[in-house]
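By convention in this document, chain letters (A, B, ...) are assigned in the order of the sequence lines, proteins followed by strands, and residues within each chain are numbered from 1.
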Amino acid sequence: MKPSIPKGTRDFSPSQVIKRNYIFDTIRQVFVKYGYQPIETPAMENLSSLTGKYGDEGDKLLFKVLNNGEYLNKSDATAFAEKDSAKFTQSVSKRGLRYDLTVPFARYVVMNQNDINFPFKRYQIQPVWRADRPQKGRYQEFYQCDADVVGSDSLMLEAELAQIYDEVFTNLGINVTIKINNRKVLFGMADAAGVADKFINMTTAIDKLDKIGMEGVTKELANRGIEPFAIKKIQEMLSVTTLKPLKDFFKNSKTGLKGIEELEEFHKYFDSKPATNTLEFDSTLARGLSYYTGCIFEVKANDVVMGSIGGGGRYDDLTGNFGLKGVSGVGVSFGAARIFDVMEELNLFPENIAVQLKCLLVAFDKPSHEYAFSVLNQLRTVGISAELYPEPAKMGKQMKYANARAVPFVIVIGSDEMNSGKLALKNMTTGEQEKYTLTELLTKLK
RNA sequence: GUGAUUGUAGCUCAGUUGGUUAGAGCGCUGGUUUGUGGUUCCAGAGGCCGCGGGUUCGAAUCCCGUCUUUCACCCCA
């Protein structure tokens, strides 16, 4: 059979894994520095924990796991006959693959609430799965790196999370714009335009502004049943790029004013430290996930065309779904695969991270091969990453291997070297070769 | 889910209006070189032309289906 992997999934070669780990390590270091603790959750969740959390669209993109055993005996024959896929699926699948890290985290918090010290700051770096059509920067299996806090309403946390974005992308060398908005501000706009009942319709329409332009948004708003005078008002508000003028619009919207207040509070904290990247208020930023209630974030790379490489926000009552009311959460997410693609495109990975093997030993014949193995052990004992070509093959072949592995040094051992105790050390970058005793080598390669 | 698009050697790709034995570069193996890679030259191995069906005397080439790739929409990291 011809080997293949499911669509939207990928294998990772050694160099790719090394690069990916570089991204993970950079992110993890910052998370740890800001006091976040690691957790992990299973790849599979009960389907009931996942469905209904991501909207109708999200439900369609959930991977379901078929029940084991004679599942057809317990299947819903009526639903099958009526071709009701959703209902039939329920009867043959009780588990699904995790769709993001936030919902499993909410579930975790509720299940472990007695052992958790609130406010609880956790980070999580694990793969998630979505049955989406793959395209640029979009896969069916990809890693997310999340940092969330539950159990505090303080806007200091929003500021801290924005700082985390700034610091991580600075460390990775990616130039980004961090966009911020507040769901309450969006609601205020709907309120001020007199279309509070069409809040969701309005936000999904204006979220597309950067893609379809103001004209497209106008059409979209009209299609979604918003009256022309309301559209005009919305347009006026969208043209505003600072917070102050919005206050006038929101005179009669309590929620809207609260949103402004939250953003101002955020800035009190965030502005105390200069940021490397740009943070900008974007009144058109909406974000689809229905559970956000306060500040929302999105990060875009400046120098490359790519969907957002990070997003997050405040959700006042996420754990409510699992029976724990009144606990607020706020978090950010990094899309590792997209960050990888951006860094690859902009050539931002440091040169030396792929070089892990320091030295390769090559031998000419059986006796020197055995001798070389003892040299190898001594190199490894002092912590030098070294390898011996497994058999005394032709020099050309062994050197070719060394070259392909991009080893900086090769130690050549034959009968001369064995007898004299002076080993030939070849520098693979310069091509120079000199003889050293073993003790000299140990200090030289350290 | 909607609309396009792709699939030929390990990799990147040629392959004429359907015509006999499907090619190239790189890589690989061996030699040139009995102790030296990233530079030469020579030789060789390697293909159910994505898969299944159909049209035809004849299909890599045309038609249908299916899977896959890439892209846009939807949505999203």
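By the side-chain contact (heavy atoms from CB on, under 4.5 Å) test, A/R133 pairs with no residue at all, sequence neighbours left out. Residues satisfying the salt bridge (Lys or Arg N to Asp or Glu O under 4.0 Å) criterion with A/E387, sequence neighbours excluded, are A/R405. Applying the side-chain contact (heavy atoms from CB on, under 4.5 Å) rule to A/I226 yields the partners A/V195, A/K198, A/M202, A/L221, A/A230, A/I231, A/I234; only residues at least two apart in sequence or on another chain are considered. A/D365 is linked by a side-chain contact (heavy atoms from CB on, under 4.5 Å) to A/P367, A/S368, counting only residues two or more places apart in sequence or in another chain. The side chain to side chain donor-acceptor pair (under 3.5 Å) search around A/D153 returns A/S328, not counting sequence neighbours. A/D282 pairs by the salt bridge (Lys or Arg N to Asp or Glu O under 4.0 Å) definition with A/K179, not counting sequence neighbours.
Counting only Watson-Crick and G-U wobble pairs whose two distances sit under 3.5 Å, RNA chain B takes part in these stems of three or more pairs: B:1-4 with B:70-73, B:10-13 with B:23-26, B:28-31 with B:41-44, B:50-54 with B:62-66.
Rounded to whole Å, atom C1' of B/rC75 lies 9 Å from atom NZ of A/K208. Here the P atom of nucleotide B/rG1 and the CZ atom of A/R130 are 17 Å apart, to the nearest Å.
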Distance-only check: which donor-acceptor pairs under 3.5 Å involve side-chain atoms of residues 337-350 of chain A, not counting sequence neighbours?
residue	atom	partner	partner atom	Å
A/R338	NE	A/G137	O	2.7
A/R338	NH1	A/S308	O	3.0
A/R338	NH2	A/G137	O	3.2
A/D341	OD2	A/Y139	OH	2.8
A/E344	OE1	A/K19	NZ	3.3
A/E344	OE2	A/K19	NZ	3.4

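The ring-ring contact (aromatic ring centres under 6.0 Å, His included) analysis of residues 391-413 of chain A, with sequence neighbours excluded, yields the pairs A/Y389-A/Y401. The ring-ring contact (aromatic ring centres under 6.0 Å, His included) analysis of residues 411-446 of chain A, with sequence neighbours excluded, yields no pairs.
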Spell out protein contact along nucleotides 35-42 of chain B as letters: B when the base is contacted, S when just the sugar-phosphate is, - when no protein heavy atom is under 4.0 Å; keep the 5' to 3' order. BBBB----
Are there any protein N/O atoms within less than 3.5 Å of an N/O atom in nucleotides 68-72 of chain B, and if so, which ones and at what distance?
residue	atom	partner	partner atom	Å
B/rU69	OP1	A/G8	N	3.3
B/rC71	OP2	A/K136	N	2.6
B/rA72	OP2	A/Q135	OE1	2.7

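The only option from A/R314, A/R122, A/K121 that meets the salt bridge (charged side-chain N to carboxylate O under 4.0 Å, His left out) definition with A/D148 turns out to be A/R122.
In this structure, A/F334 forms no aromatic stack with the base of B/rA77, since the conditions of centre separation below 5.5 Å and plane angle below 30° are not both met.
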